[in-house]
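All chains are named by letter (A, B, ...) in the order of the sequence lines, taking the proteins before the strands, and each is independently numbered beginning at 1.
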Amino acid sequence: MTGHNVLHTMGYDAFGLPAEQYAIESGQHPRVTTEANIANMARQLARLGLGHDRRRVLATTDVGYYRWTQWIFLQLFESYYDAGSGRARPIAALVAELDAGDREPDEHTLPAGSSWSDLGDADRRRVIDAHRLAYVSEAPVNWCPGLGTVLANEEVNAEGRSERGNFPVERRPLRQWMLRITSYAERLLDDLDLLDWPEPIKLMQRNWIGRSTGATVAFAAEGGDPSIEVFTTRPDTLFGATYVVLAPEHDLVDAFTAAAWPEGTPNEWTGGGADPKTAVDAYRAATARRSERDRQAESRVKTGVFTGTFAINPVNGDPVPVFIADYVLTGYGTGAIMAVPAHDERDFAFAKAFGLGVVEVVHPPASWFAEHGLDDGAPVEQWPDAFTGEGIATASANDDVSLDGLSVPDAKAAITGWLGVQGTGRSTVTYKLRDWLFSRQRYWGEPFPIVWDDDGFAHAVPADQLPVTLPEIDDFTPRVSDDPDALPEPPLARADDWVKVSLDLGDGPRTYRRETNTMPQWAGSCWYELRYLDPHNDEAFVDPEIEAYWMGPRSPGESGGVDLYVGGVEHAVLHLLYARFWHKVLFDLGHVSSVEPFHRLFNQGYVQAYAFTDDRGFHVPAAEVVEGDDGTFTHDGVPVHREYGKMGKSLKNSVTPDEMYEAYGADTLRLYEMFTGPFDQSRPWNTRDVIGVHRLLQRIWRNVVDEHSGEVTVTDGAVDDDTLRALHQMLDAAADGYESLRFNTVVARITEYNNHLIGRFDGGVPRAAVEPMVLALAPLAPHVAEELWERLGHDTSLAWHDFPVADPALLVAETVEIPVQINGKVRSHITVAPDASTDDLEAAARADARIAELLDGAEVTRVIAVPGRMVNLVVK
RNA sequence: GCCCGGAUGGCGGAAUCGGUAGACGCGGAGGGCUUAAACCCCUCUGACCCACCUCGGGUCGUGCGGGUUCGAACCCCGCUCCGGGCACCA
């Protein structure tokens, strides 16, 4: 690290606080938790009118917290999610209970038909590993050859390309570290209600978590075993299920693949395969090879093959054919569906393509038929599309239960109840959220504090041996092979001396191999707000008392967390979801007292600017583009096209801060950015406008200092009433604007007030009129304000001075001018006391010469008078 | 396709609770200061019409079309366009 280690964060910096004041030379970072620092921070925030007696403040520190990031990873590795309590617990507690015979492991982790007590050591170890919050999984992952690494789902965009670098991404099965974020889906969803975040961001997280309620239903094989569990949100349509589809990767595909095609299998069901196994294998191979991008390109064309077997619809005993198709996703629900073509668009398309049955079980309203140009009640064969709306159940009865005549919600409840009694189904909640793919094949990144033994089991590196540091190597690139089946090789795997390690993990020194993947860039950002509280703590990642002081909930039921967090929307479902997950794990394990990391969130907008492309579609430097008289644009004499976008390197449309510092200074740049519009809104950069705020700073300066002599010109003279009122109104508006982060209006009010001062006082502006303004300006223009403060004779920083508070008595004007309307149209104005009664207002309005003239004796049928606001006379 | 946001002068934007639309700034016009220019200071600046020595007055106006209300930039219904998110999630 070179130069300054500046105490700032997204949230802190956004206030425009004088970061330089806190700049500390490298190697001497402050402990923000010293009393002096806490007091200082609290004053800073009080100065901003944020109104709390104590405030948590973020402060950046040096990197080098690998050690604690690794330590937290080990907490995930050594914990499991206890469904009973809904909390993470140490895995040691689980093992103790298993050994004592107090409980059995989660079913899906046990080998079929066994119990804990039957298992040998290796199997027990596998069961334990399957419970961990950090676990290794062989699963299809997003492999990005261009980056030589795998990516999390959240890092892959809709075009099947990497968020970073825009490289193609393909699916490939790989052994990777995963974090069990899905266990926290419900709490991540519910606790959004505790947060003061923009609704659109909450909504994005809700959609990403994607909770949906429905039912799982068992469709048994014709012979009775095994059963396919399907997930549906429409159990009410179960009588209309005419086939079942497994995801191509589903575990039961082999079990359901017949030896030969049944009699009468249509040709198009076989995919050209001589027998079901050939067809299924070919289809699976084809699916596996297709990248996400190819799938996208082929839009919604439905493909699939018949497995040659049938399953039994539990409500009516009908055999329904079992297909595999890639429109069913392996990672969602149970990876298998019941298809109800009459009431699901995708099933409808598939059924039409494969000639499968379509059975109406929800009767659409007349309006639906009309919209589709059908006669009311037209038979399902004529439907151009599935009906997915609300309707009345029909043709949905067996000997035991009838849904006929019920609405969709009632039918869902009725059939779910019946399935429960039969033991063939139950209501279920599923989420779109998947577990978080946490390993990368990169050099830069925290190494996993994990070693592998010869039997392939992972072991934690003891906490006292952390951090595991990166070895020195020469070649940092991941090995990219032309062989499509070659496994990605992380750069660390080539550091043989580092990989092989001898450790005593309690059973004597043994040789292990280090994990050679590294953690993604998110790992550090998942908890940095905690480390900033206590950056030099060698005993813990944060002292619990310090965490409780800065982040702890202020009253029961509150989330706690950072008071204000400012950042871009691009983090909505990445950083902000990951960090919440880690925080909740740490909360469960008793390491933090806050349930959420960030209490209030604010998204700043982007600065945008025009960008220009030439005929090849390449961007040319915007600064070099010349605008012609006819509104066309040229670069080096070549015509270019204008577009508009986020200011940055890729569009070559940046104005660098350096240019602005050079021309106007840092305060002007900061003030400009705060002034041009609401902080949360993207808006264009317009260099021409910068001069406006620059002038403001000069005018303020000249109200304090004679620009020729450099002498301070303020006087000890009295402040007149008008000025005093103007001052306090400005202070009130400024405090309000800071609180609500509407900095643009603060600038406007300060400008207004400063304009009021100009030319008003002969021989200098009174000190009492100027000093509060300087304090109010400081968050927006810290350097100028600090300089003025010193020249005004103060020998300590204004950072130590409280934010001036408006006197409520001075906020009320002596008189106000309010409009008088006739029939809602403004016809005149009257000047009245702000608290004049409605009767007084009416009298004053009628007394107004122009109003009297316009009324001309007409009958006033109604008077609406709002004190301090307006009077409206309603006439016939 | 679905889900969010947004649209106000020539430009960025203000109007926080349904109560004087256009604060503040940029740009523009005119004037003062100056040998001159810059800086600075002052006045004006939504459109249209009437009046004009002067004060002024009227109509329209917040993307479009309707509605509710004494009164709508703000609430409701139906659209258009722009920005963002998700997208075979059963």
With a 3.5 angstrom cut-off on both distances, give the Watson-Crick or G-U wobble partner of [N], or none if there isn't one.
| N | value |
| --- | --- |
| rG65(B) | rC77(B) |
| rG1(B) | rC86(B) |
| rG46(B) | rC60(B) |
| rG22(B) | none |
| rC39(B) | none |

Given the structure, check if the side chain of N872(A) and the base of rC70(B) hold any donor-acceptor pair shorter than 3.5 Å.
yes
At under 4.0 Å, does any side-chain N or O of R206(A) touch on OP1 or OP2 of rC86(B)?
no
Short side-chain N/O contact to rG85(B) OP1/OP2 from K202(A), under 4.0 Å:
no
Between [X] ([atom1]) and [N] ([atom2]), how many Å, whole number?
| X | N | atom1 | atom2 | result |
| --- | --- | --- | --- | --- |
| R869(A) | rG71(B) | CZ | P | 18 Å |
| L669(A) | rG25(B) | CG | P | 20 Å |
| D762(A) | rC41(B) | CG | P | 16 Å |
| Q608(A) | rC82(B) | CD | P | 15 Å |
| M870(A) | rU20(B) | CE | P | 8 Å |
| D689(A) | rG25(B) | CG | C1' | 7 Å |
| R683(A) | rG25(B) | CZ | C1' | 13 Å |
| H694(A) | rC39(B) | NE2 | P | 12 Å |

Walking RNA chain B from its 5' end, the first of Q821(A) and Y332(A) to be reached, judged by nearest nucleotide, is Q821(A)
Quick check: on RNA chain B, is the nucleotide nearest R688(A) upstream (toward 5') of the one nearest T676(A), or the reverse? Name the residue that is more 5'.
T676(A)
With [atom1] as the reference atom in both, quote the distance from [N] to [M] in angstrom, rounded to an integer.
| N | M | atom1 | result |
| --- | --- | --- | --- |
| rG13(B) | rC52(B) | P | 41 Å |
| rG58(B) | rC41(B) | C1' | 35 Å |
| rG67(B) | rG18(B) | C1' | 15 Å |
| rC64(B) | rU80(B) | C1' | 7 Å |
| rC70(B) | rG65(B) | C1' | 24 Å |
| rC17(B) | rG71(B) | C1' | 15 Å |
| rG27(B) | rA38(B) | P | 14 Å |
| rG22(B) | rG9(B) | P | 14 Å |

Distance check, rounded to the nearest 0.5 Å: E345(A) atom CD versus D385(A) atom CG?
5.0 Å
In this structure, CG of L246(A) is separated from CZ of F256(A) (nearest 0.5 Å) by 7.0 Å
Tell me what [X] touches on the nucleic acid: a base, only sugar-phosphate, or nothing, going by heavy atoms under 4.0 Å.
| X | value |
| --- | --- |
| R211(A) | nothing |
| R827(A) | sugar-phosphate |
| E817(A) | base |
| R749(A) | nothing |

Please work out which of the three classes, parallel, tilted or perpendicular, describes the rings of [Y] and [X], given edges at 30° and 60°.
| X | Y | answer |
| --- | --- | --- |
| F350(A) | F354(A) | parallel |
| W436(A) | Y578(A) | parallel |
| H372(A) | W368(A) | tilted |

Proximity to the side chain of [X] - top-ranked nucleotide from [options]:
| X | options | value |
| --- | --- | --- |
| I758(A) | rC70(B), rU59(B), rC41(B) | rC41(B) |
| I864(A) | rG10(B), rC70(B), rA90(B) | rC70(B) |
| F675(A) | rC24(B), rU20(B), rC88(B) | rC24(B) |
| D736(A) | rU16(B), rG27(B), rC3(B) | rU16(B) |
| N744(A) | rC41(B), rA14(B), rC88(B) | rA14(B) |
| R695(A) | rU20(B), rG27(B), rG57(B) | rG27(B) |
| D326(A) | rC88(B), rG25(B), rU20(B) | rC88(B) |
| I691(A) | rC86(B), rG27(B), rC11(B) | rG27(B) |
| N207(A) | rC3(B), rC88(B), rA21(B) | rC3(B) |
| N755(A) | rG19(B), rU59(B), rC24(B) | rC24(B) |

For W197(A), all residues meeting ring pair (Phe, Tyr, Trp, His ring centres under 6.0 Å), sequence neighbours excluded
none
Could you check if the base of rG9(B) is syn or anti? Syn means the glycosidic torsion is within 90 degrees of 0.
syn
Syn if the chi torsion is within 90° of 0, anti otherwise; quick check, which is rC75(B)?
anti
Check whether any side-chain N or O of R862(A) sits under 3.5 Å from a backbone N or O of N872(A) as a donor-acceptor pair, and report yes or no.
no
Measure from the side-chain N and O atoms of N823(A) to the backbone N and O of V875(A), and report whether any donor-acceptor pair falls under 3.5 Å.
yes
